[in-house]
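Pasting a structure here, questions to come.
Treat the numbers as computed from the prediction; the structure is a model and nothing was measured.
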Amino acid sequence: MSAQASLLVRLHRSTADSLGGLPEAFWWLWVSTLVNRLGGVVSFLALYLTAERGFSASYAGLVASLIGLGSTIAALVGGVLADRVGRRPTLLTVQVLTALTTVALGFAEGRAAIAATAFLVGLTGYASRPAISAMIADLVPGPDRARAFALNYWAINIGFGVSAGLAGLIAAHGYRPLFLVDAATTLLCATVVFVKVPETRPAAPPPPVPVPTGRPGAGPGLAAVFRDRRFMALTALTFAFGLMLQQGNTTLAVDMGRAGLTSVEYGAVIGINGLLVVLLQIPVTRLTRDQDRSAVLLISALLTGAGFGLTAFAGSSAPRYALTVGVWTLGEMIQAPASMSLVSELSATHARGRYQGVNSFAWSAASFLGPAAGGLLLDHTGREALWGCCALVGLLAAAGYLALGRRMDAPPRQA
């Protein structure tokens with residue numbers, strides 16, 4: 001066999017191993033996610049408020065935090081609705097509402113109106129996350145879930161990478177079209193779900209059954225989910241990880257703007273995040289999926305903290321900012337599928353929506369507190385303190401993942 005033929009065979013096997021064997025409905029859900037992420041207005045919201053509208057970094061952080069507050073409420077409500085009403089009705093309803101509130105945000109005038117509308121964007125826009133994650137867990141068997149979540153994350157970042165570059169160019173001529181494009185992609189996403197994605201909620205939950213591991217039985221309410229200690233430990237670490245990543249979505253734009261960099265340069269720098277995920281997410285997932293999970297999560301926290309910590313030394317150089325984005329993106333790529341598959345593993349079958357809702361609650365709480373904390377640190381203590389705190393959070397999260405791994409490996413207590 002020639003070298004070229006051998007290379008083609010290996011490429012075919014690698015592609016089949018990464019993409020093959022997943023249900024058709026999952027792929028339509030994947031397409032809907034990709035389409036939805038092609039609208040990228042939230043990533044430019046901080047720059048829009050500071051550079052275009054003349055508001056302070058603290059106010060931009062407050063608005064981003066209000067989106068996070070809305071998403072915090074939406075995560076729990078969306079998880080409960082996904083279990084009670086169904087994944088598909090929940091997803092369709094909130095996507096239509098998200099499109100409407102996004103347009104309203106683009107036309108809002110005045111501090112109070114912008115803040116209130118931003119809260120509604122968070123309330124509607126993030127209620128779909130538990131339903132999507134529960135659908136993936138419903139559709140995909142356990143051994144393939146890490147791969148499926150990695151592919152879904154891949155779709156998110158393909159859309160984000162494309163939208164970041166295009167949005168930067170559009171923003172150079174005005175920001176309002178960004179809101180309209182974002183709303184249009186959300187409606188298109190809802191159309192794909194309506195036409196191609198079936199309901200996946202399990203037909204009827206069995207009665208709750210005690211289990212020796214101390215986890216809630218099938219079909220627990222939210223209170224039982226919050227009593228699941230291992231899951232809540234993972235949720236706390238997800239929150240810490242989210243605090244770091246939120247700085248890339250909000251505070252990084254303000255920091256680069258103060259350094260004299262333009263919206264086009266910010267779009268190119270932050271677009272590297274999506275580009276690297278597009279190119280490397282699948283290979284990275286294949287390399288890490290059989291490794292010790294606690295070690296994988298520990299490394300992801302260290303890389304993410306280091307990447308944001310190095311931002312303190314970026315100065316006014318776009319290439320240096322790009323390098324730091326590359327470092328924390330690698331940590332993000334490693335963490336996402338490992339953490340999401342672990343959430344599915346710890347979830348009771350007929351409460352997947354609730355478990356995914358609480359997991360989304362952690363991300364949403366981070367998106368609520370992260371931007372405000374980042375903006376305050378940047379305004380009152382300086383950029384060095386901000387990025388140094390991110391490095392410290394990364395170290396603490398790494399220690400937490402190590403402790404959680406030991407607890408997961410410990411034998412269950414006898415009742």
- Message: Strictly distance-based, threshold 3.5 Å: is any side-chain N or O of S341 a donor or acceptor partner for the main-chain N or O of R145?
- Response: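 Absent.
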
- Task: Would you check if the side chain of T185 reaches a backbone N or O of D182 as a donor-acceptor pair within less than 3.5 Å?
- Result: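 Side chain of T185 to backbone of D182, a donor-acceptor pair under 3.5 Å: yes, one is there.
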
- Crowding at CZ, R383 (>12 non-hydrogen neighbours, <6.0 Å):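 Atom CZ in R383 is crowded, with more than 12 foreign heavy atoms closer than 6.0 Å.
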
- Non-neighbouring partners of S32 that pass side chain to side chain contact (heavy atoms under 4.5 Å, CB included), sequence neighbours left out: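 Result, side chain to side chain contact (heavy atoms under 4.5 Å, CB included) vs S32: L29, C189, V192, V193.
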
- Under 3.5 Å, is there a donor-acceptor pair between the side chain of Q95 and the main chain of S128? no

- Query: Do any N or O atoms from the side chain of R176 and from the backbone of G106 form a donor-acceptor pair under 3.5 angstrom?
  - Reply: yes

- Got more than 12 heavy atoms from elsewhere within 6.0 Å of CZ, R84? no

- Query: Between L404 and S294, is any pair of side-chain heavy atoms under 4.5 Å apart?
  - Reply: no

- Item | Sidechain-backbone polar pair: E332 side chain, L245 backbone, donor-acceptor under 3.5 Å | no

- Please identify each residue that fulfils side chain to side chain contact (heavy atoms under 4.5 Å, CB included) with T238, with sequence neighbours left out.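 Testing T238 for side chain to side chain contact (heavy atoms under 4.5 Å, CB included), a comparison that skips the adjacent residues, returns L234, S339, N359, A362, W363.
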
- Query: When you look at S364 and T72, which way does the side chain to side chain donor-acceptor pair (under 3.5 Å) test go after all the steps?
  - Reply: CA-CA 5 Å; S364 299; T72 302; 4.8 Å; no

- Message: Strictly distance-based, threshold 3.5 Å: is any side-chain N or O of T98 a donor or acceptor partner for the main-chain N or O of G125?
- Response: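 Yes; judged by distance alone, with no hydrogens or angles, the pair exists.
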
- Message: Among D255, T251, T311, exactly one meets side chain to side chain donor-acceptor pair (under 3.5 Å) together with W387. Which residue is that?
- Response: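 The residue from D255, T251, T311 that satisfies side chain to side chain donor-acceptor pair (under 3.5 Å) with W387 turns out to be D255.
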
- Check: R88 and M135 side chains under 4.5 Å, non-hydrogen atoms: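 Touching, per the 4.5 Å side-chain cut-off.
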
- Basic-acidic side-chain contact under 4.0 Å: R147, D144: yes

- Message: On the six-membered ring of F55, is R111 placed so that its NZ or CZ lies under 6.0 angstrom from the centre and within 45° of the ring axis?
- Response: no

- Message: Under 4.0 Å between a side-chain nitrogen and a carboxylate oxygen: does that hold for R201 and D138?
- Response: no

- Item | Backbone of G353 reached by a side-chain donor or acceptor of Q356 within 3.5 Å | no

- Message: Would you say that M340 contacts S133 through its side chain, given a criterion of any heavy-atom pair below 4.5 Å between the two side chains?
- Response: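 Touching, per the 4.5 Å side-chain cut-off.
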
